[in-house]
Amino acid sequence: MNYTTEIMDIYKETSPEENVLIPDDISVKDDRKYKLTARNINAFYGDLHALKDINMNFPQNSVTAFIGPSGCGKSTFLRLFNRMNDYIEGFRLEGEIILDDVDIYNEKIVIEQLRKDVGMVFQKPNPFPKTIFENVAYGLRIQGENNKSFLQDKVENALKQVALWDEVKDDLKKNALSLSGGQQQRVCIARALAVEPKIILMDEPTSALDPISTSRIENLIFELREDYTIIIVTHNLQQAGRISDFTAFFYLGDLIEMGRTHDIFTNPKNKRTENYITGRFG
Amino acid sequence: MNKVLINRRKDLIFSVAGLIATFVGLVMLVIFIGDILIDGLGRISWDFITGLPSRNPDKAGIFTAMAGSVWVLFLTTLISFPIGVAAGIYLEEYGKKGRISKILEINISNLAGVPSIIYGLLGLEIFARLFNLGPSLLTGSMTLALLILPIIIVATRESIKAVPSSIKDASYALGASKWQTMWHQVLPASMGGILTGVILALSRAVGEAAPLIVVGALAYVPFAPKSPMDDFSVLPIQIFNWISRPQQGFIINAAAAIIVLLVLTFLMNGIAIYLRNHWQKKIKW
């Protein structure tokens, strides 16, 4: 009857508790087991020490949720993985982020190339003021792809992945800004999927959406886990509980606790995590 | 008296004062335009617009001056648009924000306030004499281009600034380079504002007489210019010249030429407003 309880049921049935590597020993040095690894991360905005000594591993095909009060550094941490902080003046990073054995802050890394591997979905739906088709095709077009039938295939595929194809297949020439907020956000996700990334970063992707659109996106994230490694920042604790395999709790730039979502929510080891999850602060 | 009543009276006094202030400007404009229309409207005819200059006020027309104005407008656009927009993009998106950019910024704003006759002197010295271009259309257009560059740069920067950073973030996050983001997202989204600024700047340029007189534009040009290196006149100079003649006939000619010039600038401003509304309707963030 309730959409979200449905998700919970699916989650219980298919949750790969046994075959996903648990990042419980976050100091593990054998990074090959993980898709993505952050090692000894310290980040600064000018004098502000925004992230303090953070180590984290992300197994392939997992969903990891970052939770914590505003200003705790979770968005800063998320934006490290596609180097979106590079443009911020006074931003400085120490440590390594390793994607498939390569340090993405290596001098030889071409940022444009990295961002094709690491897609991002933002807090507020931000489609380009173009047609739906051009929105989804944008990432391929800027790579120089202009073959019409190839683009059509990719766009259709991406829109099917986000379950938007049936709704918009006759309106591909319509301006994406004319869609509803939830549809816009799905266009933005399709846009990120069209370039076939390995990792998808989501920065509070449902905070600007109504409950129905939110549960659709949550369902989508759950499905995308089959093919992608997903990291999501959320202020919605129930959401973290519903869709993520692992949860990391940040507070004032520190990683307080990380573990299986189920464990974090039912049996937090740290008092502050418990207080936050039970709503005593935050 | 009751406090509330006193406050209400103050309100009333201010709204009356404001109304008067608004009308002072408007009434003056109406009187001016009315006077010009009464003097000049009867003189406007196809012959007047296509006529060549003449010593006889009844035969004199504005064709050469108008052709000169159109030439100047065309060349000035050609020179100032790419330079101004490129400079605006650079300053807003590429230039490092530091002391040098601050100094540049302040000086560009200052340049917008420099009297136009100073630009005329600059044009005379550099373009006419140093580059040896003489009192040609090209000299005049380059001088006017310099004059309106600061306005175009500022308009470009403001329009670019108005593009939400979420759009730029989205483009970067998909692997677009800075230039791709500018070309595919920022410029299309800010083009309405940029074009509006450019047209308003051009409508200022088309009304300028002083800098062109200084670079050596002529009051009497027997034929319409055929190339950028030809001598030229423009409407404001023609008007200035006619007004300084003693014969009544030329005064009427001047009024008629002013009407033509006003129509031209109103038309340009109208296009600017249309473009702005058109783009605003198309893009709602």
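Computed from heavy atoms alone, side chains included, the values below leave out hydrogens, waters and symmetry copies. Order of the sequence lines fixes the chain letters, A, B, ..., with proteins taken first and strands second; residue numbering starts at 1 for each chain.
- Heavy-atom pairs under 4.5 Å with chain B were tallied for A:K130, A:Q123, A:E134, A:K116; the largest tally goes to A:K130.
- Contact annotation: the side chain of A:F128 never approaches that of B:H184 to less than 4.5 Å [non-hydrogen atoms, C-beta and beyond].
- Residues of residues 74-83 of chain A that come closer than 4.5 Å to chain B, counting heavy atoms only, are A:R79, A:N82, ordered by residue number.
- When all heavy atoms of B:A170 and A:R191 are compared, the closest pair comes out as CB-NH2, 3.4 Å.
- When all heavy atoms of A:M120 and B:A173 are compared, the closest pair comes out as CB-CB, 4.0 Å.
- For chain B, the nearby part of A:V118 is the backbone; its heavy atoms alone come within less than 4.5 Å.
- The number of heavy-atom neighbours closer than 6.0 Å to CG of B:L19, taken from other residues, nucleotides and ligands shown, is above 12.
- The number of heavy-atom neighbours closer than 6.0 Å to CZ of B:F23, taken from other residues, nucleotides and ligands shown, is 12 or below.
- Between B:I167 and A:P129, some side-chain heavy-atom pair lies under the 4.5 Å cut-off.
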Chi angles and distances behind the side-chain contact (heavy atoms from CB on, under 4.5 Å) call for A:D86, B:Y172: CA-CA 11 Å; A:D86 285 20; B:Y172 289 136; over 6 Å; no
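- In this structure, no portion of A:Q113 lies under 4.5 Å from any heavy atom of chain B.
- To the nearest 0.5 angstrom, B:L174 atom CG is 13.5 Å from A:R141 atom CZ.
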